[in-house]
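Throughout, a chain's letter reflects where its sequence line sits, starting with A, and its residues are numbered from 1.
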There are 2 protein chains.
Amino acid sequence: MAQEPEPVAKKSRAPSMHDVARLAGVSHQTVSRVINDLPNIREETKQRVLDSMEQLQYRPNRAARALVTSRSRTIGILTASRTNYGPAASIQAIEDAANAAGYAVTTASISGYESTAIVRAIDRLLDQAIEGLVVIAPQRRVFDTLAGMSLRLPIVTLQSTGTDGDKSLSVDQILGARLATRHLIELGHRYIYHLAGPQDWIEAEARMTGFLDEMSDQDMPTTAPILGDWTAEFGYFAGRELLRMRDFTAIFAANDQMALGLMHAIRDGGLEVPRDISIVGFDDIPDAAHFWPPLTTVRQDFAELGRRCMALLLGGLEAGEEYAGSILPTLIERGSSAAPQTR
Amino acid sequence: MAQEPEPVAKKSRAPSMHDVARLAGVSHQTVSRVINDLPNIREETKQRVLDSMEQLQYRPNRAARALVTSRSRTIGILTASRTNYGPAASIQAIEDAANAAGYAVTTASISGYESTAIVRAIDRLLDQAIEGLVVIAPQRRVFDTLAGMSLRLPIVTLQSTGTDGDKSLSVDQILGARLATRHLIELGHRYIYHLAGPQDWIEAEARMTGFLDEMSDQDMPTTAPILGDWTAEFGYFAGRELLRMRDFTAIFAANDQMALGLMHAIRDGGLEVPRDISIVGFDDIPDAAHFWPPLTTVRQDFAELGRRCMALLLGGLEAGEEYAGSILPTLIERGSSAAPQTR
DNA sequence: CTCATCGTTGTTCACGTTCACAAACGGTGA
DNA sequence: TCACCGTTTGTGAACGTGAACAACGATGAG
């Protein structure tokens with residue numbers, strides 16, 4: 001009897017399925033069917049529901065859906081140093097691919113280097129009930145921590161550790177380093193240094209391995225690689241130190257930034273690249289073509305990496321077989337490398 | 001009577017609050033109280049619950065919580081080109097601050113330049129029921145689209161558009177550009193070009209404004225700025241074109257990458273920086289100190305920007321007052337700028 | 001004419017949590 | 001002894017969606 005119409009200022013909340021259903025004169029289940037594109041709906045009914053949705057500006061409630069299906073439709077990315085070009089480009093590609101497949105993406109980045117920071121980052125992702133994990137934090141410690149947690153979800157790592165049981169996908173770092181090293185050897189260099197990345201980075205290790213393997217395959221004398229931190233700043237200081245000896249004619253740097261710093265130091269030392277010293281980098285960041293001199297480097301297709309990564313993850317979201325794929329890097333020859341001076 | 005114990009392979013799903021409650025011998029509500037750190041719980045009970053949680057490896061179900069509280073505890077970031085250093089650094093800082101405050105972060109990046117892409121990106125974020133939005137996509141079109149959607153949530157933009165009613169926070173681009181320009185004028189340059197960013201980027205516009213304002217304030221002759229696309233590649237080609245006239249002694253580039261390309265072109269043209277032409281950039285990306293010559297540029301503190309941005313967002317998540325803050329940029333003098341040659 | 005079948009729609013429940021409220025408990029003062 | 005109070009704990013109802021199942025009308029076969 002006293003069933004009054006709703007007052008003007010009804011509870012201000014987002015419209016739900018029931019609101020749509022009421023407006024369209026159907027049950028909420030019918031609305032659900034329309035949303036999920038299920039068969040066996042009369043065309044006219046479907047259209048009426050769609051109109052109602054439009055009119056109310058209806059948006060499915062993701063939380064409710066996640067609750068009932070126990071699927072979050074979210075992919076987690078674990079990353080270190082996303083300001084670097086490589087990881088950033090990969091993240092971009094992963095996000096695009098994930099979005100295209102209807103997945104959302106959350107990232108957690110590891111700040112600092114203590115292992116508690118790693119655990120916290122992973123925890124944040126798990127709190128979000130991610131359905132898959134992409135690891136772009138290519139440090140040993142991260143993988144060890146991850147292995148210790150024995151997570152029950154598909155994991156794709158963007159660096160092959162060689163030891164893990166997860167899927168992994170990577171640009172073949174060893175091959176890349178071999179290409180760079182071989183290039184220098186073929187130019188006639190005999191005394192080549194390697195400025196490597198931080199010790200516990202898997203990529204750094206792989207590049208170092210590639211360098212050492214190629215050098216010994218070709219019977220070249222090797223010196224111990226210098227361990228850097230990826231920054232141009234470090235490359236600069238390492239360069240100043242190296243110039244004291246001058247017992248080399250070429251340096252293979254583990255990334256383009258360090259190569260940039262090296263070239264800076266060499267010029268500051270009164271020498272010239274590539275006349276006195278040849279430099280080869282790694283990554284082919286977009287700026288590398290405009291360094292002075294333009295940098296010879298090894299190109300990695302980060303975007304392709306990200307795309308394939310998502311394909312792997314989505315494909316194997318239920319299946320669980322292992323897989324390891326690799327993408328081939330290519331050598332980009334520019335002005336920073338040349339035959340050594342004949343003295 | 002026939003109440004058998006659970007069989008071995010019980011339904012494999014994550015433990016819920018009820019499981020914890022049963023193990024601890026309390027009600028689910030008590031568990032909830034422990035989780036949310038509410039008062040009036042006996043210490044002993046609390047400990048028993050915590051132990052049970054630990055034992056079951058319990059994790060609160062975020063979806064269920066979001067459903068009942070209608071709070072997603074998620075912040076959305078709308079971004080373009082996250083591979084650039086500036087945006088990437090900001091995102092990083094925002095994520096850190098958000099995590100510290102218990103929020104998760106999702107990003108959506110605008111691929112392509114059609115306005116449908118913008119709408120889609122925003123839609124993706126809204127689907128996630130974000131509680132706040134940070135916009136790092138500094139294009140007019142994005143803001144126009146955003147304004148047209150009249151969203152009911154706190155928005156912080158990392159670029160001041162000057163016209164919006166939202167909160168905004170930015171490094172003072174106009175001041176930065178003025179600093180750069182003034183620096184060149186004070187060195188004695190009179191004929192200065194500006195290599196600007198893409199036309200619909202707000203930052204590009206602001207830097208151009210700063211440049212033009214400073215030039216006219218100091219009664220310098222001005223030429224129309226050249227509109228670039230932020231890339232080193234474009235800087236290079238613009239440089240080659242400009243060298244045909246040589247009616248200038250300095251160029252202020254709207255970012256460091258374009259400055260890098262310019263310097264490359266100038267050297268290719270047989271001239272020297274800064275002897276023949278002075279160059280000033282903008283951003284102070286980490287590599288800029290190691291360019292050849294090291295680049296004079298304007299530093300923006302992106303990390304600070306990200307941090308303040310989150311403070312603003314979290315502070316105003318319920319309040320709704322407007323606010324516009326700005327961070328001061330600083331000029332970093334390096335080797336790429338010097339007094340013009342006296343001819 | 002009756003019954004089985006198929007396409008379409010509705011009803012009810014469950015998901016895991018928080019909120020509002022009620023109940024039990026122990027202590028205190030009249 | 002009893003009413004009252006504060007602290008601690010439990011009960012039941014939501015939140016919005018999808019899944020299982022039931023119900024309905026129309027159609028066709030026997």
Side-chain angles (χ1 to χ4, degrees), chain A residues 10-50 52-53 56-74 102 104 126-131, chain B residues 10-50 52-53 56-74 102 104 126-131:
Chain A
K10 64 192 299 183
K11 189 103 153 269
S12 168
R13 56 160 175 61
S16 77
M17 222 172 218
H18 287 96
D19 299 321
V20 175
R22 198 174 321 128
L23 182 61
V26 296
S27 73
H28 83 273
Q29 179 59 11
T30 301
V31 177
S32 172
R33 276 188 268 258
V34 171
I35 291 172
N36 296 306
D37 217 26
L38 295 182
N40 296 339
I41 296 205
R42 211 174 350 146
E43 192 52 44
E44 182 208 316
T45 312
K46 182 170 182 174
Q47 196 54 53
R48 214 166 60 232
V49 170
L50 287 174
S52 304
M53 283 171 45
L56 293 178
Q57 295 246 49
Y58 169 76
R59 267 174 199 287
N61 182 317
R62 204 175 175 101
R65 183 179 283 179
L67 179 59
V68 70
T69 59
S70 46
R71 298 206 46 185
S72 64
R73 297 230 134 223
T74 300
L126 291 180
D127 277 345
Q128 303 248 43
I130 55 169
E131 289 183 43
Chain B
K10 66 190 302 182
K11 190 105 154 266
S12 168
R13 54 159 176 63
S16 78
M17 222 172 221
H18 287 94
D19 299 321
V20 175
R22 198 175 321 128
L23 182 61
V26 296
S27 74
H28 74 275
Q29 177 58 12
T30 301
V31 177
S32 174
R33 275 189 268 260
V34 171
I35 290 172
N36 295 307
D37 217 25
L38 296 182
N40 297 339
I41 295 204
R42 211 176 349 146
E43 192 51 46
E44 183 207 316
T45 311
K46 182 171 182 174
Q47 196 53 53
R48 215 165 59 231
V49 170
L50 288 174
S52 303
M53 282 170 47
L56 293 178
Q57 296 246 48
Y58 168 76
R59 263 173 203 288
N61 183 316
R62 203 177 175 100
R65 182 179 286 179
L67 179 58
V68 69
T69 58
S70 47
R71 299 207 43 184
S72 64
R73 299 228 132 223
T74 299
L126 292 181
D127 277 346
Q128 303 248 46
I130 54 170
E131 288 183 42

**Prompt:** dT7(D) P sits how many Å from Lys46(B) NZ, rounded?
**Reply:** 16 Å

**Prompt:** Pro60(B) has a side chain; which of dT17(D), dT11(C), dT17(C) sits nearest to it?
**Reply:** dT17(C)

**Minimum-distance nucleotide to Asn61(B) side chain [options: dG16(C), dT17(D), dT11(D)]** = dG16(C)

**Prompt:** Is there side-chain contact between Asn36(B) and Arg65(B), with heavy atoms separated by less than 4.5 Å?
**Reply:** yes

**Message:** Which nucleotide wins on minimum distance to the side chain of Asn40(A), given the candidates dG16(C), dC19(C), dT8(C)?
**Reply:** dT8(C)

**Prompt:** So do the side chains of Thr45(A) and Arg33(A) get within less than 4.5 Å of each other, counting heavy atoms only?
**Reply:** no

**Message:** If you assign each of Arg33(A) and Leu67(A) to its closest nucleotide in DNA chain C, which residue comes earlier from the 5' end?
**Reply:** Arg33(A)

**Request:** May I ask you to say whether Arg59(A) pairs ionically with Asp127(B), meaning some side-chain N is under 4.0 Å from a carboxylate O?
**Result:** yes

**Between dG18(D) (C1') and Arg73(A) (CZ): distance, integer Å** = 14 Å

**Item:** Arg42(A) side-chain N/O to dG7(C) phosphate OP1/OP2 under 4.0 Å
**Value:** no

**Prompt:** Any N or O donor-acceptor pair linking the side chain of His28(A) to the base of dT9(C) at under 3.5 Å?
**Reply:** no

**Euclidean distance, atom NE2 of residue His18(A) to atom C1' of dC15(D) [Å, nearest integer]** = 11 Å

**Message:** From CZ of Arg71(A) over to P of dT17(D), roughly how many Å is that when rounded to an integer?
**Reply:** 18 Å

**Prompt:** With respect to the side chain of Gln29(B), which nucleotide from dG10(D), dT17(D), dG16(C) is positioned closest?
**Reply:** dG10(D)

**Asked** Leu38(B) CG to dT18(C) C1': how many Å, rounded?
**Response** 10 Å

**Prompt:** Over how many whole Å does the gap from Asp37(B) atom CG to dT8(D) atom P extend?
**Reply:** 14 Å

**Request:** May I ask you to evaluate whether Thr30(A) reaches the phosphate of dT8(C), defined as a side-chain N or O under 4.0 Å from OP1 or OP2?
**Result:** no

**Request:** Might you point out which heavy atoms bring Arg62(A) and Arg73(A) nearest each other, and give the distance in Å?
**Result:** NH2-O, 2.9 Å

**Request:** Choose from dG16(D), dT9(C), dT18(C) the nucleotide whose nearest atom is closest to any side-chain atom of Thr69(B).
**Result:** dT18(C)

**5' precedence on DNA chain D between Ser32(A) and Thr45(B) (nearest-nucleotide basis)** = Thr45(B)

**Request:** Quick one: label Ile35(B) by what it contacts on the DNA or RNA (base, sugar-phosphate, nothing), any heavy atom closer than 4.0 Å.
**Result:** nothing

**Item:** Whole angstrom value for the distance that separates C1' of dG16(D) from CE of Met53(A)
**Value:** 14 Å

**Message:** Quick check: do Lys46(B) and Asp37(B) have side-chain heavy atoms less than 4.5 Å from each other?
**Reply:** yes

**Request:** Starting from P on dT9(D), measure out to CZ on Arg22(B) and report it in whole angstrom.
**Result:** 19 Å

